[in-house]
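Worksheet for the structure shown next.
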Number of protein chains: 2
Amino acid sequence: MTNATLPTPRLDALKVACSACNLRELCLPVGLSDDEMQSLDDMVSTRRIVKRGDSLFHAGEPFAALYAVRTGFFKTVISASDGREQVTGFQMAGELIGLDGISTDKHSCDAIALEDSQVCLIPYSQLESLSREFTLLQHQFHKIMSREIVRDHGVMLLLGSMRAEERLAAFLLNLTQRLQARGFSASALVLRMTREEIGSYLGLKLETVSRTFSKFQEEGILEVKQRDIRILDQDALQRVVNGAHC
Amino acid sequence: MTNATLPTPRLDALKVACSACNLRELCLPVGLSDDEMQSLDDMVSTRRIVKRGDSLFHAGEPFAALYAVRTGFFKTVISASDGREQVTGFQMAGELIGLDGISTDKHSCDAIALEDSQVCLIPYSQLESLSREFTLLQHQFHKIMSREIVRDHGVMLLLGSMRAEERLAAFLLNLTQRLQARGFSASALVLRMTREEIGSYLGLKLETVSRTFSKFQEEGILEVKQRDIRILDQDALQRVVNGAHC
DNA sequence: CGGCAGATTGACGTGCATCAACGTCTGTGG
DNA sequence: CCACAGACGTTGATGCACGTCAATCTGCCG
């Protein structure tokens, strides 16, 4: 929130080697040897600060690098020619942004920071050459891309066949699961996105999202105070995700 | 469903080298040198026949290979624990099936042939080692994975924000576009899937799909005879995809 | 020719969108 | 430090697109 007026933030000050990063078990370096880790450290030498509301990249811009979220929170959004928008994902620490750009050498979505964030810059051509050298890195990278495909298919299931309550419940469980993997509570979370952004992601209008939050609260499943959410009955939430709508 | 009892069909008889395949400009070998193409030919030495209704693989089965469709037509389907199903894609000649399996070494969907088909088997470990050797192959493979991600994001937009007519119009335009790239007519097509499968893919019920086909026919946009579709007014279809719903 | 899966069409119900009013939080400047 | 503006969130009333249920039709295959 501060230091935006400074001419160029001291990026070196941010420098944290992959090998010393507490996200290394969630991010690209999973399972690498010391040797490989060293090469990765050399490649991922640049970090970038993105302030809340600012973009990491926009659709149409040339693709040159992937970004690993170090701290903060992002959304990715695609826009149709008629102005319709769709939030395609929310990314938190340890997750990669920009994989869509590989296909055409141009980004196909906007990536917007939902809070002040830091990302590690992974120059793509270097990643390709390094993954020709290191089998494990190559394999891990492929797994990450594949995981994104599997995740997208899950969202398609959600959008194609779930009802509003099921969608929101699935969304919350997914969020808490990912937060828990990062050492946060499984039962309390602060939403970084608006109702409208949640709605866009889930194929619902913001009013429906708001009403569904209220409904969950009435039923004693959640405690909702604006963006502060406390999960009171995780099992009930899970039951909602499966078709228990009566 | 059948042919499981047969010892193993004569696969050699099907053998067509990538270098001689008329799909090479749509498939994995795009842009490879003679040298690289030769190595690819060696790797992709096995073909498999899949009869209509049979599966290429099921969710949960160990992942070992990707499949390139040589002839025929497939759908991929994911199933939720509560029995809900979602068609995540339709694959035609030159397209790759199985990318989802990389993430966990298990397939996460079922791949079902919608007509008698042939696929080329691409052993995944060999693909990884070969793409360490050949930069262009590596790059092309990454592009294919990324393209799948971009495609999925497009489907999310469709499912999240389009109305029934818009979805079906977008679906038909996408199909004809891909068929056209394979040398087929841009205005006539035979659907290989049922209304229910289209509906599952588009997040609609089969009755809605049927009604929407009828509506397009009444409006003179399509001629619909069961699965035979003729596109009479491509521009109108395009206008429907953008928000022209009046 | 009979049986069956798939497709069409109609009547009706409902989940979510839409439109609208009001409440609440945040941060910015006087 | 307070006041005010604007963004965000909640809630209610109403409408409609699509789902549901059901009957009938079509084409295919044994």
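By convention in this document, chain letters (A, B, ...) are assigned in the order of the sequence lines, proteins followed by strands, and residues within each chain are numbered from 1.
Here A:Arg167 does not pair with A:Glu165 in a salt bridge; the nearest charged N to carboxylate O distance is not below 4.0 Å. The pair A:Arg192-A:Glu197 does not meet the salt-bridge criterion, since no charged nitrogen lies less than 4.0 angstrom from a carboxylate oxygen. Between A:Lys75 and A:Glu85, no side-chain nitrogen of the basic residue sits less than 4.0 Å from a carboxylate oxygen of the acidic one, so the salt-bridge criterion is not met. Using a cutoff of 4.0 Å between basic side-chain nitrogens and carboxylate oxygens, B:Glu218 and B:Lys215 are not scored as salt-bridged.
A straight line from CG of B:Leu168 to P of C:dA7 spans 13 Å, rounded to a whole angstrom. Going from atom CZ of A:Arg52 over to atom C1' of D:dA7 covers 10 Å, rounded to whole Å. Atom-to-atom, CG of B:Leu191 to P of C:dA7 comes out at 9 Å; the value is rounded to the nearest Å. As a whole-Å value, the separation of B:Arg195 CZ from D:dC25 P is 19 Å. Between the CG atom of B:Leu206 and the P atom of C:dG6 there is a distance of 10 Å, rounded to whole Å. Between A:Glu197 atom CD and D:dA7 atom C1' there is a gap of 12 Å when expressed in whole angstrom units. Computed from coordinates, the A:Arg211 CZ to D:dT14 P distance equals 13 Å when rounded to whole Å. Atoms CD1 (A:Ile198) and P (D:dG9) sit 8 Å apart, rounded to a whole Å.
B:Thr208 has a side-chain polar atom (N or O) that falls below the 4.0 Å cut-off from OP1 or OP2 of D:dG19.
Residue A:Ser210 is in base contact, counting any heavy-atom pair closer than 4.0 Å across all strands shown. Across all strands, A:Arg227 comes closer than 4.0 Å only to sugar-phosphate atoms, never to a base (heavy-atom distances). Residue-level contact check: A:Gly199 touches neither bases nor backbone, having no heavy atom under 4.0 Å from any strand. At a threshold of 4.0 angstrom between heavy atoms, the contacts of A:Ser214 are confined to the sugar-phosphate backbone, with no base atom among them.
Place B:Lys225 and A:Ala164 on DNA chain C by their nearest nucleotides, and B:Lys225 ends up nearer the 5' end.
Side-chain atoms of A:Glu207 come within donor-acceptor range of the base of C:dC19, with a qualifying N/O pair under 3.5 Å.
Taking CD from B:Gln86 and OG from B:Ser200, the interatomic distance works out to 4.5 Å, rounded to the nearest 0.5 Å.
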